[in-house]
Number of protein chains: 2
Amino acid sequence: MQKAAGATGSKGSSGGGRRQATKAKLYEAAVTLIAEQGFSATTVDEIAERAGVAKGTVYYNFASKAELFEELLRYGVGLLTESLQRAADDTERSGGTKVAALDAMIRAGLDFIATYPSFTQLYVAELWRTGRAWQSTLLVVRQQAVAVVEEVLREGVAAGELSDEIDIPLTAAALVGMVLVAALDWQAFQPERSIDDVHAALSRLLQGRVGGSRA
Amino acid sequence: MQKAAGATGSKGSSGGGRRQATKAKLYEAAVTLIAEQGFSATTVDEIAERAGVAKGTVYYNFASKAELFEELLRYGVGLLTESLQRAADDTERSGGTKVAALDAMIRAGLDFIATYPSFTQLYVAELWRTGRAWQSTLLVVRQQAVAVVEEVLREGVAAGELSDEIDIPLTAAALVGMVLVAALDWQAFQPERSIDDVHAALSRLLQGRVGGSRA
DNA sequence: GTTTTTGCACTGACCAGTCAGTTTAAAAAC
DNA sequence: GTTTTTAAACTGACTGGTCAGTGCAAAAAC
C-alpha cells in the first residue's frame with residue numbers, strides 16, 4: 001500500500017522513515033488478511049508474520065489491533081478521495097463538462113478498486129456496521145469521499161448540465177454504490193472483462209443511454 | 001424472519017413445527033448479531049441467548065455455526081429473489097413496459113432492504129470475501145438474484161425498449177449495486193428520507209433523467 | 001546513546017463444540 | 001382415562017484450544 005505521507009505518528013518528520021516503512025508493511029499485510037477473513041478472524045500473529053516483523057513490533061507501532069485497523073481505514077480512504085478529486089480537477093482544467101468530470105471519477109474509482117481490491121472490499125464490509133469502535137472513523141471518512149461526488153453534481157446542476165430535479169445526496173450515494181458494486185463484482189465474478197468494458201457500461205448508465213429510449 | 005416453508009428438516013411434516021419455530025428464532029437472532037458484529041465476532045452463546053434457547057439447542061438444529069449461517073443466507077436470498085420476480089411478473093401481467101418492470105424491481109428491492117436491513121448488510125459484507133467456507137453458497141445465491149435482473153434487461157433489449165449496446169451482466173450488477181448501496185446508505189446515514197425519495201432518485205438514474213441533457 | 005526491532009515465554013479471557021442427562025408431548029398399553 | 005413407553009427436543013456445565021496483549025533482555029539500526 002505504499003508509504004503514508006503527512007503527519008502520521010508521534011515523531012515523524014525528522015530522522016527517517018524506518019517506522020513508516022514498518023507501518024506500511026503492516027498496512028499491506030493487514031489489508032489483505034482482513035479483507036479475506038474479516039477483522040475478528042484475522043490474528044495479530046498472522047499480520048506480523050505476513051509483514052515479516054515480530055509481534056512485539058506491531059504493538060510498538062500501534063496501541064492495539066483495532067487502532068491499526070482504524071489508521072488503515074483513514075489512510076486508504078485518503079488515497080481514494082485524493083484520486084477522485086484529482087480526476088475532477090483534471091477534467092475541469094482541460095475544459096471538460098461536469099458530466100465528463102463524473103465520468104472521469106468513475107474511471108478513477110475503477111482504477112482505485114483495481115489497484116486496491118482488498119481495501120475496497122474491507123471498506124464495503126465494514127461501512128454500514130453499527131456499534132463497532134471505528135464507526136465514527138468510517139462516518140467521517142465516508143463523508144469525505146461522497147462529498148467529492150456531491151460537489152460535482154451540485155456544480156453540474158448549477159451549470160444547467162444536469163436536471164435540477166435530482167436529489168444530490170441520494171444520487172451521489174447511488175453513483176458511488178454503482179461503481180463500488182459493479183467493480184467488486186467485476187473483480188470477483190467477471191474478471192475476464194476489461195476495465196474499459198466496465199467503464200463503458202457504467203458510463204452508459206450515467207448518461208442515460210440505457211433506459212432513455214434509443215435506437 | 002417468519003417461518004420457512006418447504007422441505008427443510010429431517011422429519012418436518014407430521015406432528016408440528018417445534019423445530020421450525022426454534023430454527024426461525026435462531027435465524028432471527030443470528031441475522032441481527034452477525035450483521036452488527038460480523039460472523040467471527042458473534043458467538044454462539046450470544047445467538048442462543050438472544051433466541052432464548054440453550055447453546056446445545058443450536059447444535060441440535062445445526063451442524064455448526066457456519067452451517068447456521070449458510071442456511072440463513074439461502075433462506076434470505078430466496079425471499080429477495082421471490083420478491084423481485086413477483087415485482088417483474090406483476091408488471092408484466094398488467095401490461096407494463098420492461099423499464100416499468102425494472103422500476104418495480106427497484107421498489108421491491110428497497111422494500112426488502114427496509115424490511116430486512118440486517119440481512120442485506122450481512123450479505124454485502126460477505127459477498128466478495130474470498131476463501132471462506134460459504135463462498136460457493138454465496139456464488140449460487142448471488143447468481144440467482146442477479147439473473148432475475150438480467151432476464152428483464154434481455155427482454156427489454158429484445159423488445160427494442162433498451163439500447164442493444166448495453167452490456168447485460170455488467171449493467172445488471174451496476175443496477176443491483178446502485179440499489180443496494182443507496183438503500184444501505186439511506187438507512188444508515190439519511191434515515192429521515194422517505195422510501196419514495198430514494199425510489200425517485202434511483203428511478204431518475206435508471207431512466208437517464210440525470211445526465212441526459214434535460215431542462 | 002537513543003530509538004526501534006526482535007524473540008519468546010506467559011497469562012487470562014474467551015469461545016466452538018461436546019455430552020450425559022432432563023423435559024416434552026404424543027403414542028401405546030392397560 | 002390413566003399409566004407407561006418412546007423418541008425427539010432441549011439443556012448447560014465442561015473441555016481443549018485459540019488469541020490479544022504483556023514483559024523483558026538482548027540485538028540492530030540510526
Side-chain angles (χ1 to χ4, degrees), chain A residues 3-4 7-30 33-34 36-72 131-134, chain B residues 3-4 7-31 33-34 36-72 126 131-134:
Chain A
K3 281 188 60 177
T8 321
S10 34
K11 277 286 176 61
S13 48
S14 76
R18 185 146 81 113
R19 273 189 88 162
Q20 289 312 320
T22 303
K23 281 193 167 195
K25 277 194 291 182
L26 286 169
Y27 285 156
E28 173 69 35
L33 289 167
I34 296 180
E36 274 171 11
Q37 311 178 324
F39 175 79
S40 306
T42 301
T43 69
V44 174
D45 289 279
E46 276 177 316
I47 296 173
E49 191 190 344
R50 177 169 300 199
V53 302
K55 187 180 186 177
T57 305
V58 175
Y59 285 94
Y60 182 78
N61 285 284
F62 300 97
S64 67
K65 183 186 172 188
E67 207 193 88
L68 159 57
F69 183 57
E70 273 193 68
E71 286 196 24
L72 172 60
R132 309 243 52 151
W134 50 76
Chain B
K3 278 189 60 176
T8 321
S10 36
K11 278 284 179 61
S13 49
S14 77
R18 186 147 162 239
R19 267 189 95 160
Q20 289 312 320
T22 306
K23 280 194 167 195
K25 277 194 291 182
L26 285 169
Y27 285 156
E28 175 68 37
V31 74
L33 288 166
I34 296 180
E36 275 171 10
Q37 310 179 324
F39 175 79
S40 305
T42 301
T43 70
V44 175
D45 288 278
E46 277 176 315
I47 296 173
E49 192 190 345
R50 177 170 301 199
V53 302
K55 187 180 191 175
T57 304
V58 176
Y59 286 93
Y60 181 77
N61 285 285
F62 300 95
S64 65
K65 182 187 172 188
E67 207 192 271
L68 160 58
F69 182 55
E70 276 193 66
E71 286 197 25
L72 174 59
E126 294 295 334
R132 310 227 39 95
W134 51 77

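Naming convention: chains lettered A, B, ... in sequence-line order (proteins, then strands); numbering from 1 in each chain. Not measured: the values here are computed from a predicted model.
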Taking OP1 and OP2 of D/dG21, is either one under 4.0 Å from a side-chain nitrogen or oxygen of A/Tyr59?
yes
Contacts table for residues 57-64 of chain B: side-chain donor-acceptor under 3.5 angstrom, sequence neighbours left out:
{"unit_1": "B/Thr57", "atom_1": "OG1", "unit_2": "B/Ala54", "atom_2": "O", "d": "3.4"}
{"unit_1": "B/Asn61", "atom_1": "OD1", "unit_2": "B/Arg19", "atom_2": "NE", "d": "3.2"}
{"unit_1": "B/Asn61", "atom_1": "ND2", "unit_2": "B/Thr57", "atom_2": "O", "d": "2.9"}
{"unit_1": "B/Ser64", "atom_1": "OG", "unit_2": "B/Ala66", "atom_2": "N", "d": "3.4"}
{"unit_1": "B/Ser64", "atom_1": "OG", "unit_2": "B/Glu67", "atom_2": "N", "d": "3.1"}

So, is B/Thr22 near the phosphate of D/dC10, with a side-chain N or O under 4.0 Å from OP1 or OP2?
yes
Hey, what do you get for CD (B/Glu70) to NZ (B/Lys65), rounding to the nearest 0.5 Å?
13.5 Å
Where the side chain of A/Asp45 is defined as all heavy atoms beyond and including C-beta, which of C/dT6, C/dT3, D/dA20 is the nearest nucleotide?
D/dA20
Among C/dT6, C/dA16, D/dA20, the one nearest any side-chain atom of A/Ala54 is C/dT6
Quantify the bending of the helix from C/dG1-D/dC30 to C/dC30-D/dG1 as the angle between its end axes, each fitted on five pairs, to 10°.
20°
Is there a salt bridge (Lys or Arg N to Asp or Glu O under 4.0 Å) between B/Lys23 and B/Glu71 once you walk through the steps?
CA-CA 10 Å; B/Lys23 280 194 167 195; B/Glu71 286 197 25; 3.5 Å; yes
With a 4.5 Å cut-off on side-chain heavy atoms, are A/Leu72 and A/Leu26 touching?
no
Under 4.0 Å: is that the gap between some side-chain N or O of B/Lys55 and OP1 or OP2 of D/dG12?
no
Give a yes/no on whether any side-chain N or O of B/Tyr60 is located under 4.0 angstrom from OP1 or OP2 of D/dC10.
no
Backbone N/O of B/Gln37 and side chain of A/Arg132: donor-acceptor pair under 3.5 Å:
yes
Between D/dA20 (P) and A/Leu33 (CG): distance, integer Å:
12 Å
Under 4.0 Å from OP1 or OP2 of D/dA9: is there any side-chain N or O of B/Arg19 that close?
yes
Start at the 5' end of DNA chain D and walk down; is the nucleotide closest to A/Thr43 or to A/Gly56 reached first?
A/Thr43
With a cut-off of less than 4.0 Å, is there a side-chain N or O of B/Thr57 near OP1 or OP2 of D/dA9?
no
Classify the angle between the aromatic ring planes of A/Phe39 and A/Phe69 as parallel (below 30°), tilted (30 to 60°) or perpendicular (above 60°).
tilted
